[in-house]
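In what follows, a single structure is set out as structure tokens and then discussed.
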Protein chains: 2
Amino acid sequence: MNRERRALTRAGLKATAARERIFQLLESALPERHHLSADDIYARLRQSGERMGISSIYRVLTDLEDAGLVHRHHFDRHTMGRSLFELADGAEHDHMVCVETGRILEFQDPLIEARQRAIAERHGFEVVGRKLVIRVRRAGADRAP
Amino acid sequence: MNRERRALTRAGLKATAARERIFQLLESALPERHHLSADDIYARLRQSGERMGISSIYRVLTDLEDAGLVHRHHFDRHTMGRSLFELADGAEHDHMVCVETGRILEFQDPLIEARQRAIAERHGFEVVGRKLVIRVRRAGADRAP
DNA sequence: CTTATTGCAAAATCTTTGCACATTG
DNA sequence: CAATGTGCAAAGATTTTGCAATAAG
């Protein structure tokens, strides 16, 4: 049994072909572009001659999200109105989005994370998840339109 | 000339009736519920006997956002697929969303903000905006379904 | 075998656009 | 007045749903 099926089963999901395949796609996405929309996935599948209903893709992604295997994002104007999904493997990380190019960088900062937990606790909550997106621009770029 | 018209003009926008009114609505929204969707605004206007096209509301909100007077959010499953808008007055703040109730709390943390700037700079960027949403749950709540 | 999942097509949102009319500076 | 903004209705885009067929444990 492969890595994907194991992850699905461990998460309490039936290891179906569709789930396995989408999981693989997310895993194998290039580091520079591993935030995929439902449609990206649909297109990539078609490119390799496979066919999956777009509704199934949405359902699978939602299931994976519920199981904590995938994160869903709504970044910015650049991707507004569309969800982007990425694998939730390894450590949680946050995102920086360049408002000019739409480029997405990831980073990780233990201090910010600790601080978030502290703030939540102060209000009587525990952290379930976090989502930090810093909108940035190349330093020194002109502000004028 | 009132506060709203002044803010609009200062931001380089024509002080139209629609913009002024929406600005007011956002200003006067209750602190506990000041994140309004386009439809919330539409409904509130109708309740007070006013009428404004939903498309105009979207256009106004987008204009206000572009002018930096309003922030647009996409919080969570609770509000997924819908944009929520809030006035961008005063200091920037971040949000905590309870995954169980959908309740939104705001907080402000200079340390996190400073850290964000530092991280952006480290990558050669400057911060244009930030959006931190911590998904939380009441501490001690059962994890089981 | 029994239940959960998928495909398809249709529906449901939410948001944007085109164009004529109204308003603003 | 010239330029911008607004209303309406219609189009777009993304995501969800109903239901019969299929696959998984």
Side-chain angles (χ1 to χ4, degrees), chain A residues 1-2 4-23 25 35-43 45-46 49-67 69-70 72-85 145, chain B residues 1-2 4-23 25 35-43 45-46 49-67 69-70 72-85 145:
Chain A
M1 192 187 247
N2 67 31
E4 290 81 17
R5 298 180 70 79
R6 237 178 299 125
L8 290 168
T9 303
R10 193 177 344 117
L13 295 176
K14 274 195 185 178
T16 68
R19 287 175 182 160
E20 185 183 345
R21 195 67 189 86
I22 289 181
F23 198 109
L25 270 187
H35 296 91
L36 304 183
S37 68
D39 205 61
D40 289 336
I41 291 172
Y42 182 78
L45 286 171
R46 298 208 53 159
E50 300 159 81
R51 184 171 302 277
M52 193 183 300
I54 187 73
S55 56
S56 304
I57 295 175
Y58 276 107
R59 275 189 283 228
V60 166
L61 288 170
T62 302
D63 293 343
L64 295 180
E65 186 192 11
D66 287 340
L69 298 173
V70 153
R72 181 192 302 242
H73 300 286
H74 272 97
F75 283 121
D76 206 78
R77 279 279 181 88
H78 283 282
T79 57
M80 258 287 303
R82 142 177 11 200
S83 296
L84 294 184
F85 300 85
Chain B
M1 193 187 247
N2 67 30
E4 291 82 17
R5 300 179 70 81
R6 238 179 299 126
L8 290 167
T9 303
R10 193 178 345 117
L13 296 176
K14 272 193 186 179
T16 68
R19 287 175 180 160
E20 184 182 345
R21 195 66 188 86
I22 289 181
F23 197 110
L25 270 186
H35 296 91
L36 304 182
S37 67
D39 206 61
D40 289 335
I41 291 172
Y42 182 76
L45 286 171
R46 297 207 54 157
E50 300 159 80
R51 184 170 303 276
M52 194 183 299
I54 187 73
S55 56
S56 303
I57 294 175
Y58 276 108
R59 274 189 282 229
V60 166
L61 287 169
T62 301
D63 292 342
L64 295 180
E65 186 191 11
D66 288 339
L69 298 173
V70 153
R72 180 192 303 242
H73 300 285
H74 271 96
F75 283 121
D76 206 77
R77 279 280 181 88
H78 283 282
T79 56
M80 257 288 302
R82 140 177 12 200
S83 296
L84 294 184
F85 301 85

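We name chains A, B, ... by the order of the sequence lines, and we start the count at 1 in each one.
Across the protein-nucleic acid pair, B:Leu8 atom CG and C:dT24 atom C1' stand 12 Å apart, rounded to whole Å. Atom pair B:Asp63:CG and C:dT16:P shows a separation of 11 Å (rounding to whole Å applied). Rounded to whole Å, atom P of C:dT5 lies 15 Å from atom CD of A:Glu20. When the P atom of D:dG5 is taken as reference, atom CG of B:Leu64 falls 11 Å away, rounded to whole Å. Taking atom CG on B:Leu61 and atom C1' on C:dC14, their separation rounds to 13 Å, with Å as the unit. Rounded to whole Å, atom C1' of C:dT24 lies 13 Å from atom CG of B:Leu13. One can place OH of B:Tyr42 at 14 Å from P of C:dC14, the figure rounded to the nearest angstrom. In this entry the distance linking CZ of B:Arg5 with P of C:dT23 reads 14 Å, nearest Å.
Note that the CZ atom of A:Arg21 and the CD atom of A:Glu50 stand 4.0 Å from one another [nearest 0.5 Å]. For the atom pair CG of B:Leu13 and CZ of B:Arg5, the computed distance is 12.0 Å after rounding to the nearest 0.5 Å. In this structure, B:Arg59 CZ and B:Ile22 CD1 are separated by 11.5 Å, a value rounded to the nearest 0.5 Å.
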Seminar exercise, completed: Going 5' to 3' through nucleotides 7-13 of chain D and flagging B where a protein heavy-atom sits under 4.0 Å of the base, S where only the sugar-phosphate is that close, and - otherwise, we get BBB----
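Between B:His74 and A:His74, the ring planes are parallel. Angles under 30° get that label, and only those over 60° would be called perpendicular.
Between the B:Arg72 side chain and the B:Ser83 main chain, no donor and acceptor come within less than 3.5 Å of each other.
For the pair B:Glu20 and B:Asn2, the minimum side-chain heavy-atom distance is below 4.5 Å.
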Output a table of nitrogen or oxygen pairs between the protein and nucleotides 2-4 of chain C separated by less than 3.5 Å.
from, atom 1, to, atom 2, distance (Å)
C:dT3, O2, A:Lys14, NZ, 3.4
C:dA4, O4', A:Lys14, NZ, 3.1

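Identified under the salt bridge (Lys or Arg N to Asp or Glu O under 4.0 Å) test for residues 7-19 of chain B, with sequence neighbours left out: B:Arg19-B:Asp63.
Exactly one residue among A:Asp40, A:Thr62, A:Leu25, A:Ile41 makes a side chain to side chain contact (heavy atoms under 4.5 Å, CB included) with A:Ile57. That residue is A:Ile41.
Closest heavy-atom contact between A:Ala7 and A:Leu69: O-CD1, 4.2 Å.
Applying the 4.0 Å criterion to OP1 and OP2 of D:dT4, one finds that B:Thr16 has every side-chain N and O outside that range. The side chain of B:Tyr58 contributes an N or O atom lying less than 4.0 Å from OP1 or OP2 of C:dT15.
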